[in-house]
Amino acid sequence: MQDYKPEEIEPKWQNRWEADKLYRAEVDWDRPKHYALTMLPYPSGDLHIGHWFAMTPSDARARFMRMRGYNVLFPMGFDAFGLPAENAAIQRNIHPAKWTYANIERMRTQMRSMGNMFDWEREAVSSDPKYYKWTEWFFKTFYENGLAFRGEAMVNWSPTLQTVLANEQVIDGKDERTGQPVIQKMMTQWFFRYTRYADEMLDFSRIDWPEPIKLMQENWIGRSEGARVIFHTEDGDEIEIYTTRPDTLWGATFMVLAPEHPLVETITTKKQKKAVQAYREQAASMTEIERTGENREKTGVFTGGYAINPVNEEHIPIWIADYVMITYGTGAIMAVPAHDQRDFEFARQFDLTITPVIQPADMDPLDGETMDASYVGPGEMINSGMLDGTPVNNEKGRKNPSIAKVLDWLEEKEIGKEAVNYRLRDWLVSRQRYWGCPIPMIHRADGEMEAVPDAELPVTLPDDVEFKPTGQSPLTYHEGFLNVTDSDGNTGRRETDTMDTFMCSSWYHYRYLSPDYDAAPFDPEEAAYWLPVDVYTGGAEHATMHLLYTRWFARAMRDTGVFEETAEIMRAHGRDPEGAFDEPMLMLRNQGQVLGSEQAGDYVIAQGSFDGSRLLAEHVKVIEPGAVPAGFDGVFGEIIRRTESILHVDPGDGNMSIVEVQENATVEIPEIEGENDVNQLRQHLEIQRMSKSKGNVVNPDELVAEYGADTVRAYLMFAFDWQKGGPWDPQGIKGVVRWISDVWTLVHETAADPTTDHVETQNIKEVISVQRAMHQAIIKVTKGIETFSFNTAIAAQMEYKNTLQKLKNSTVIYTTEWREAIRTMLLLMAPVAPHVAEELWERVGGDYSIHQQAWPEGDPQLAAEDEITIVVQINGKVRDKLTVPADVSEDIAKEQALASETVQSHLDGTTPKKVIYVKGRLVNIVV
RNA sequence: GGGGAAGUGGCGGAAUUGGCAGACGCGCAUGACUUAGGAUCAUGUGCCUCCGGGCGUGUGGGUUCGAGUCCCACCUUCCCCA
């Protein structure tokens with residue numbers, strides 16, 4: 001028997017599969033299609049274990065679907081535009097394209113080592129002109145259909161990156177990528193009408209996506225129902241507000257405008273001008289998060305102006321305050337301090353009137369003077385003129401009788417209108433960067449905008465660019481790029497903003513269909529067959545970004561007619577295109593994250609002199625935990641944290657000691673030869689994300705070199721609940737190593753020679769055991785892979801292998817049934833460990849390729865045990881077990897249970913109150 | 001503060017969805033084979049035990065013949081949003 005050498009068989013089969021175009025997916029209307037997709041990576045440089053965790057189980061499932069008779073498309077590509085490339089350009093003077101394509105080349109090689117069934121002929125790279133030509137074309141199409149527009153907006157501006165960021169890219173007031181602060185700035189930018197499809201995107205009825213993702217998208221879209229109401233200033237200027245609680249209008253005792261509100265200039269009185277100006281400047285320097293933080297003391301300034309409350313003609317003061325955002329609603333609110341906590345705090349802070357307009361039934365009448373918090377519960381309307389007495393409940397929108405009544409009243413009096421508002425803002429697509437898809441627009445000589453003609457697409461990024469350390473986009477000072485002739489023959493200026501990279505990744509699954517197609521973004525012949533994506537896998541962190549953008553994009557494509565030809569072809573093939581383009585991905589599953597493993601810190605003893613409670617150590621030695629010499633004088637324990645030469649040492653009782661290792665101190669680490677220093681001391685690591693700085697990164701290339709890709713794949717699928725992820729355990733991989741090597745041995749020992757004559761076994765019992773184990777395994781593995789429970793699918797295979805191992809010394813080997821059992825074992829293994837399965841398949845004389853064989857069918861009849869164990873319970877506690885024929889009748893089971901000795905002794909002569917029988921499971925005797 | 005997910009042996013994790021808790025694997029223990037063992041093989045392994053049994057799925061209650069699973073309250077961790 002040869003040894004199992006993955007380093008030989010894996011490249012061998014990878015090359016063979018590639019040469020044979022085994023995974024080439026082609027349109028075939030006679031076969032059912034399955035479009036499996038996993039999120040495309042950003043070419044950051046090296047493939048890490050997270051990529052493996054995302055891609056190889058998805059591959060296993062795609063392979064499984066293929067064996068089940070589907071024509072499977074499983075493509076891969078790169079989301080290749082983006083800031084890291086540009087940062088590399090600025091810092092290391094490498095052109096972004098060079099950096100990007102070198103990384104892609106490297107990652108392609110690494111990806112090939114996974115043994116995935118990627119159809120590389122479908123590869124798409126978003127930074128290729130032949131790809132971004134169509135990204136530009138989409139922009140243009142959306143522009144021409146009113147879905148893209150130029151607008152003035154308060155934007156997140158990153159001074160470090162010199163670019164605008166989308167809200168999703170700003171975390172806690174800082175840029176998500178660099179962690180640098182982001183400021184608010186008014187700018188003219190390109191937007192997509194994101195809210196156009198807000199309502200449609202709230203409908204998830206066509207898609208099978210995880211509940212948490214749907215919920216996050218729902219919250220992100222943030223639909224609310226209420227009213228828009230027009231207030232007027234004393235001078236007659238209109239101030240429009242949006243409120244979800246129009247039933248509290250009578251309690252609006254002041255108004256608050258966002259500091260950036262355009263009306264602030266007009267209404268501010270001379271006397272207040274200085275204070276208002278100062279406040280506006282201060283607000284501009286703060287981030288939205290800082291401004292809306294709930295525990296913050298409320299700040300604000302009176303403008304000196306007054307507005308008239310349209311429902312009761314009261315003159316109410318107009319303030320500005322930073323807790324009102326110009327970007328949300330209308331940038332102005334009516335303040336109802338009695339029934340809104342933020343307004344309440346503001347009113348108390350500045351001693352403004354509080355008028356209750358909802359009175360709860362079981363409380364003393366509310367008094368604005370003495371209330372210590374706003375009241376937000378149900379009750380009935382008061383102080384609201386003719387609407388007094390209207391009941392108020394906890395419902396939102398029209399379901400609340402008070403809101404319904406006020407809405408009608410407002411519309412009748414023409415004071416306000418029923419309105420829906422979204423938290424979702426329009427999608428800001430402008431980026432002041434070089435390494436992104438150009439926006440194909442021209443600023444004409446006359447100041448108007450016009451789109452670049454189709455024939456001139458794509459607008460390509462110039463190669464000869466110089467990156468300045470200011471971070472400013474080189475497009476803004478590249479004369480050759482900037483100067484352009486508009487359609488009237490005048491000199492215009494090219495748009496220098498490029499697109500958000502989420503634009504590129506919103507449609508890549510269409511480009512995969514025909515990456516070289518030049519007449520349209522995708523070949524409708526391909527699209528008609530493959531669309532939509534059947535299974536999409538990727539990380540949940542994209543819930544409100546990529547996964548929402550791509551849903552929007554599909555609808556925008558649909559409504560701009562991009563799918564018309566595709567629909568025609570579908571009809572020609574008898575497929576109904578109705579609804580086929582509404583949702584881009586029918587099923588979504590998220591994988592979890594592989595985290596770093598927990599690592600104990602070195603256990604040390606340290607000696608030196610004490611400076612207060614701090615030990616100035618002259619000598620530090622790593623020892624076995626707890627092996628502290630008797631009478632030791634100094635500090636000992638596990639190193640929990642180390643910062644430079646300062647150690648936090650925990651002796652085990654949680655009382656941390658601080659040890660400062662002196663410059664000339666001696667450090668002794670027995671495990672590490674030679675002279676040691678303080679930097680080699682290892683600190684305790686919690687389970688957390690892998691990162692280079694924490695030193696807990698698992699490198700897949702090294703694992704593949706040591707164990708082979710099949711083992712790494714199988715371990716990633718076996719060790720975690722795939723949808724949850726978890727800490728990496730370097731020990732655990734041994735289990736998978738043993739499994740594969742056991743299979744290897746088992747196959748060679750019992751089935752390697754295809755010419756061996758089959759003998760009939762005399763022992764029918766063993767044959768039945770083999771068949772039963774086989775069908776049980778087929779059923780479990782099938783279900784496991786189908787439901788993304790890869791760990792149980794592999795557990796079932798291990799169990800099956802264990803059973804076969806136990807029988808390998810019996811007469812059953814070399815029988816037809818045994819050979820079938822071995823072949824089935826390999827077929828079940830094929831999606832998980834494609835190389836070793838192929839190798840062994842060949843060695844047992846199977847037809848090439850194992851990956852083109854049909855998935856075995858599990859027969860529940862053959863899987864069923866003929867004898868089963870029935871549990872006998874008394875009052876729900878297990879007291880005895882019976883072995884009975886599987887088809888035992890209820891009466892006999894009960895009878896046998898009652899006859900059991902243990903039961904009799906427990907009954908002690910009494911008659912049971914009730915006997916419950918669960919078919920094939922248990923008898924429960926109630927006494 | 002709001003919303004969501006989760007909490008099961010020393011560890012990763014199973015449990016036909018209300019029916020034998022702990023599949024499978026790691027680790028550990030004992031033994032075998034070995035010049036050696038971070039290899040391999042065999043057996044065992046939830047906890048306690050007076051060896052009768054008792055207790056066990058974060059805590060406390062509830063529903064049920066029966067609860068890891070359903071309901072209520074609480075605690076802890078993680079994620080999303082403010």
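Naming convention: chains lettered A, B, ... in sequence-line order (proteins, then strands); numbering from 1 in each chain. Please read all numbers here as calculations on a predicted model, not as lab measurements.
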S.K.: Taking only side-chain nitrogens and oxygens of Arg423(A), does any of them come within less than 4.0 Å of OP1 or OP2 of rC80(B)?
M.R.: no
S.K.: Toward the 5' end of RNA chain B, which comes first, Ile733(A) or Ser789(A), by nearest nucleotide?
M.R.: Ser789(A)
S.K.: Without decimals, in angstroms, what is the distance between Ile794(A) CD1 and rC24(B) C1'?
M.R.: 10 Å
S.K.: Which atom names give the shortest non-hydrogen contact between Ala796(A) and Ala777(A), and what distance separates them?
M.R.: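 Smallest heavy-atom distance, with atoms named: O-CB, 4.5 Å.
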S.K.: For the P atoms, the ones on rU77(B) and on rA29(B), what distance do you get once it is rounded to whole angstrom?
M.R.: 34 Å
S.K.: Taking Glu749(A) first and then Lys808(A), would you say they form a salt bridge - that is, a charged N and a carboxylate O separated by under 4.0 Å?
M.R.: yes
S.K.: rC81(B) P sits how many Å from Leu548(A) CG, rounded?
M.R.: 12 Å
S.K.: Do Glu541(A) and Gln593(A) have a side chain donor and acceptor closer than 3.5 Å?
M.R.: no
S.K.: Out of rC81(B), rG27(B), rC24(B), which has the shortest distance to the side chain of Gln731(A)?
M.R.: rG27(B)
S.K.: What is the glycosidic conformation of rG62(B): syn, defined as within 90° of 0, or anti?
M.R.: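 With its glycosidic angle more than 90° from zero, rG62(B) counts as anti.
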S.K.: If we take the C1' atom in both rG22(B) and rC47(B), what is their distance in whole Å?
M.R.: 13 Å
S.K.: Apply side-chain contact (heavy atoms from CB on, under 4.5 Å) to Val836(A) and Met829(A), showing your working.
M.R.: CA-CA 9 Å; Val836(A) 67; Met829(A) 202 178 183; 3.9 Å; yes
S.K.: Determine the interatomic distance between C1' on rG18(B) and the same-named atom on rC71(B); round to the nearest Å.
M.R.: 13 Å
S.K.: Any side-chain donor paired with an acceptor under 3.5 Å for Glu867(A) and Thr883(A)?
M.R.: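 No.
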S.K.: Looking at every non-hydrogen atom in both residues, tell me the closest pair between Gly725(A) and Phe720(A) and how far apart they are.
M.R.: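 Nearest pair, atom of Gly725(A) first, then Phe720(A): C-CD2, 3.7 Å.
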S.K.: Touch check for Gly725(A), heavy atoms < 4.0 angstrom, all strands: base, sugar-phosphate only, or nothing?
M.R.: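 The answer is sugar-phosphate, as Gly725(A) gets under 4.0 Å only of primed atoms, P, OP1 or OP2.
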S.K.: Would rU17(B) be called syn or anti, given that syn covers angles within 90° of 0?
M.R.: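 Judged by the O4'-C1' to base torsion, rU17(B) sits in syn, the angle falling within 90° of 0.
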S.K.: Take atom C1' in rU76(B) and the same atom in rA42(B), then report the distance between them in whole Å.
M.R.: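 Each nucleotide's C1' atom is 42 Å from the other's.
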S.K.: What one-letter contact string describes nucleotides 18-23 of chain B from 5' to 3', where B marks a base within less than 4.0 Å of any protein heavy atom, S marks contact via sugar-phosphate atoms alone, and - marks no contact?
M.R.: -BB--B
S.K.: Could you state the CG-P distance from Asn875(A) to rG54(B), rounded to the nearest angstrom?
M.R.: 12 Å
S.K.: Heavy-atom contacts under 4.0 Å between residues 890-899 of chain A and RNA chain B, which residues?
M.R.: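 The answer is none.
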S.K.: For the pair Arg61(A) and Glu786(A), find out whether any cationic side-chain nitrogen is under 4.0 Å from an anionic carboxylate oxygen.
M.R.: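 Answer for the salt bridge query: no.
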S.K.: Tell me which of Ala719(A) and Lys801(A) sits closer to the 5' end of RNA chain B, going by the nucleotide each one is nearest to.
M.R.: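 Nearer the 5' end of the strand: Ala719(A).
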S.K.: Just by distance, no angles: are the side chains of Glu345(A) and Gln349(A) close enough, under 3.5 Å, to form a donor-acceptor pair?
M.R.: no
S.K.: Just the rounded figure in Å: distance from P of rG53(B) to CD1 of Ile874(A).
M.R.: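 To the nearest whole Å, that distance equals 12 Å.
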S.K.: Using atom P in both nucleotides, what's the gap between rU8(B) and rG68(B) to the nearest angstrom?
M.R.: 15 Å
S.K.: Rounded to whole angstrom, note down the P distance from rC70(B) over to rA5(B).
M.R.: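 Here rC70(B) and rA5(B) have their P atoms 11 Å from each other.
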S.K.: When the distance from CG of Asn802(A) to P of rC41(B) is rounded to whole Å, what number comes out?
M.R.: 11 Å
S.K.: Using salt bridge (charged side-chain N to carboxylate O under 4.0 Å, His left out) as the criterion, list what pairs up with Glu857(A), not counting sequence neighbours.
M.R.: none
S.K.: What's the CH2-P distance between Trp728(A) and rC26(B), to the nearest Å?
M.R.: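 In whole Å, rC26(B) P lies 15 Å from Trp728(A) CH2.
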S.K.: Tell me the interatomic distance from Phe720(A), atom CZ, to rC26(B), atom C1', rounded to whole angstroms.
M.R.: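 One finds 12 Å between C1' of rC26(B) and CZ of Phe720(A), rounded.
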S.K.: Quote, to the nearest angstrom, the C1' distance that separates rC50(B) from rU45(B).
M.R.: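 Pairwise C1' distance, rC50(B) against rU45(B), rounds to 23 Å.
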S.K.: From C-beta outward on Asp721(A), which listed nucleotide comes closest to its side chain: rG13(B), rG12(B), rC81(B)?
M.R.: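 The answer is rG13(B), which lies nearest to the side chain.
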S.K.: Can you tell which of Trp722(A), Trp209(A), Tyr536(A) makes a side chain to side chain contact (heavy atoms under 4.5 Å, CB included) with Arg589(A)?
M.R.: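 One option only clears the test, and that one is Trp722(A).
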S.K.: Taking syn as a glycosidic torsion within 90° of 0 and anything else as anti, which one is rG9(B)?
M.R.: syn
S.K.: In chain order, what residues pass the side chain to side chain contact (heavy atoms under 4.5 Å, CB included) check against Asp340(A), with sequence neighbours excluded?
M.R.: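 Counting only residues at least two positions away or on another chain, Asp340(A) forms a side chain to side chain contact (heavy atoms under 4.5 Å, CB included) with Arg342(A), Asp343(A).
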S.K.: Indicate whether the side chain of Asp891(A) and that of Ser889(A) have a donor and an acceptor atom separated by less than 3.5 Å.
M.R.: no
S.K.: Write out a two-atom table: protein N or O, nucleotide N or O from nucleotides 43-51 of chain B, distance below 3.5 Å.
M.R.:
none

S.K.: Considering just the side-chain nitrogens and oxygens of Arg342(A), establish if one lies under 4.0 Å of OP1 or OP2 belonging to rG1(B).
M.R.: no
S.K.: Looking only at non-hydrogen atoms, find the nearest pair between Pro856(A) and Ile778(A) and report the distance.
M.R.: O-CG2, 3.3 Å
S.K.: Are any of Arg879(A)'s side-chain N or O atoms less than 4.0 Å away from OP1 or OP2 of rG53(B)?
M.R.: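 It does not, given that no N or O in the side chain of Arg879(A) lies less than 4.0 Å from OP1 or OP2 of rG53(B).
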S.K.: Please report the distance, rounded to the nearest Å, between CG in Leu215(A) and C1' in rG2(B).
M.R.: 12 Å
S.K.: Which whole number of Å gives the distance between the C1' atom of rA67(B) and that of rG62(B)?
M.R.: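 Each nucleotide's C1' atom is 11 Å from the other's.
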S.K.: Does Glu225(A) come within less than 4.0 Å of Arg223(A), counting only side-chain N to carboxylate O?
M.R.: yes
S.K.: Strictly below 4.0 Å, N to O, side chains only: are Asp866(A) and Arg772(A) in salt-bridge contact?
M.R.: yes
S.K.: For RNA chain B, what dot-bracket results from Watson-Crick or G-U pairs at under 3.5 Å, with [ ] for crossers and | for inter-strand partners?
M.R.: (((((((..(((......[....)))((((((.......))))))(((....)))..(((((..]....)))))))))))).
S.K.: Could you walk me through whether Lys881(A) and Ile870(A) satisfy the side-chain contact (heavy atoms from CB on, under 4.5 Å) test, starting with their C-alpha distance in whole Å, then the side-chain angles of each, then the deciding distance to 0.1 Å, before giving a yes or no?
M.R.: CA-CA 6 Å; Lys881(A) 288 175 186 183; Ile870(A) 294 239; over 6 Å; no
S.K.: Counting side-chain heavy atoms from C-beta on, which of rG4(B), rG27(B), rA14(B) comes nearest to Lys734(A)?
M.R.: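 Selected nucleotide (nearest to the side chain): rG27(B).
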